[in-house]
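To start, the structure itself, in structure tokens.
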2 protein chains.
Amino acid sequence: MPKTPPQCPMDSILRLLMGPWTTYIIWVLSDQGPQRFGALKRAVPGISTRMLTERLRMLQGAGVIWREQAETIPPAVTYGLTPRGNDLRSVLDALGNIAERWKAEGAFEDNAFRVG
Amino acid sequence: MPKTPPQCPMDSILRLLMGPWTTYIIWVLSDQGPQRFGALKRAVPGISTRMLTERLRMLQGAGVIWREQAETIPPAVTYGLTPRGNDLRSVLDALGNIAERWKAEGAFEDNAFRVG
DNA sequence: TAAAGTAGGGACGATAAAGTAACTGCCTGA
DNA sequence: TCAGGCAGTTACTTTATCGTCCCTACTTTA
């Protein structure tokens, strides 16, 4: 990560999406609709509570997802995509299409995408 | 970075774009056209030769950029976007539009995008 | 009585990623 | 003759990130 990133708004978005799990979380929320914390954790296999919490806070801070806490006991917290989150979703869709096309072209077969 | 990422082709693309500087390099190549190594380094302020080399190798391995070496002395190496690189460019453009809209909405002003 | 689920918080440590610096060989210009 | 540009490579060091583990307080179920 560059210390002093170019002062470009896109950089902020990339910084947001770049983190691990982030796009996966957005994907789940857009595919399965709003989810509770536990359901989300189960839907993103392998993620730790720590990471999930952090990512959700980050996405929420960016206005990409909303958080709704029901004051029951135990509290039930639900997360969902905001309109801003849907903006991202369309881009992710486009990226997904490219990924599929590349895959059809055999892009992911050899050891491309590996540098070492 | 998840150790066992979901076996999704999009994950490979994200892994490619995610690295620091990567999108910036693609952006420069698409905006300024094919560039020599040194020019690229100057166009991406702050990047080290090490990083630039690594990113270029990675992008080249993914078929996103081409590399042309003239066997002169000293050798002149030029990099440019392949059609696959242009695929990405359109997505980055879309992302850039979103970024500008968000910026107009004041998304990047407060301490959003910060988790700590 | 104990386990499990709910939604996390906090500390610690390993590991991978990024930065820094020094080096290559060859040539050109001052 | 000495610096500087070309296009990197290699080694070393540091930083940050992520994972793991344990904790909360309350309730329901077995």
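Only a predicted model underlies this, so the values are computations on that prediction, with no experimental measurement involved. Convention: sequence-line order gives letters A, B, ...; per-chain numbering from 1.
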From the set [options], return the single nucleotide nearest to any side-chain atom of [X].
{"X": "B:Ser48", "options": "C:dT20, C:dA18, D:dG19", "value": "C:dT20"}
{"X": "A:Arg50", "options": "C:dA18, C:dC12, D:dC6", "value": "C:dC12"}
{"X": "A:Thr53", "options": "D:dG8, C:dA7, C:dG8", "value": "C:dG8"}

Whole angstrom value for the distance that separates [atom2] of [N] from [atom1] of [X]:
{"X": "A:Gln69", "N": "C:dA7", "atom1": "CD", "atom2": "C1'", "answer": "8 Å"}
{"X": "A:Met51", "N": "C:dG8", "atom1": "CE", "atom2": "P", "answer": "15 Å"}
{"X": "B:Ile47", "N": "C:dA17", "atom1": "CD1", "atom2": "C1'", "answer": "14 Å"}
{"X": "A:Met18", "N": "D:dA16", "atom1": "CE", "atom2": "C1'", "answer": "12 Å"}
{"X": "B:Glu71", "N": "C:dG25", "atom1": "CD", "atom2": "C1'", "answer": "14 Å"}
{"X": "B:Met58", "N": "C:dA18", "atom1": "CE", "atom2": "C1'", "answer": "14 Å"}
{"X": "A:Leu52", "N": "C:dG9", "atom1": "CG", "atom2": "C1'", "answer": "14 Å"}

Nearest 0.5 Å, please: how far is OG1 in B:Thr49 from NZ in B:Lys41?
5.5 Å
Nearest 0.5 Å please: distance from the CG atom of B:Leu81 over to the CD1 atom of B:Ile25.
11.0 Å
Check whether any side-chain N or O of A:Arg84 sits under 3.5 Å from a backbone N or O of A:Ala62 as a donor-acceptor pair, and report yes or no.
yes
Would you check if the side chain of A:Thr82 reaches a backbone N or O of A:Val64 as a donor-acceptor pair within less than 3.5 Å?
yes
Both A:Ile73 and B:Leu56 contact DNA chain D. Which one's nearest nucleotide lies toward the 5' end?
B:Leu56
Residues B:Arg101 and A:Asp87: closest non-hydrogen pair is NH2-OD2, 2.9 Å
Between B:Tyr79 and the options B:Gln60, B:Arg36, B:Arg67, B:Gln35, the side-chain hydrogen bond (donor to acceptor under 3.5 Å, both in side chains) test singles out B:Arg67
Applying side-chain contact (heavy atoms from CB on, under 4.5 Å) between A:Leu88 and each of A:Leu59, A:Asp93, A:Thr22, A:Ile26, report the one that passes.
A:Ile26
Is any side-chain N or O of [X] closer than 4.0 Å to OP1 or OP2 of [N]?
{"X": "B:Arg55", "N": "C:dA18", "answer": "yes"}
{"X": "B:Trp21", "N": "C:dA17", "answer": "no"}
{"X": "A:Arg57", "N": "C:dG8", "answer": "yes"}
{"X": "A:Arg15", "N": "D:dT17", "answer": "no"}

In residues 31-42 of chain A, what residues come within less than 4.0 Å of DNA chain D, judged by heavy atoms?
none
Taking pairing as Watson-Crick or G-U wobble with both contacts under 3.5 Å, can you name the mate of D:dA30, or confirm there isn't one?
C:dT1
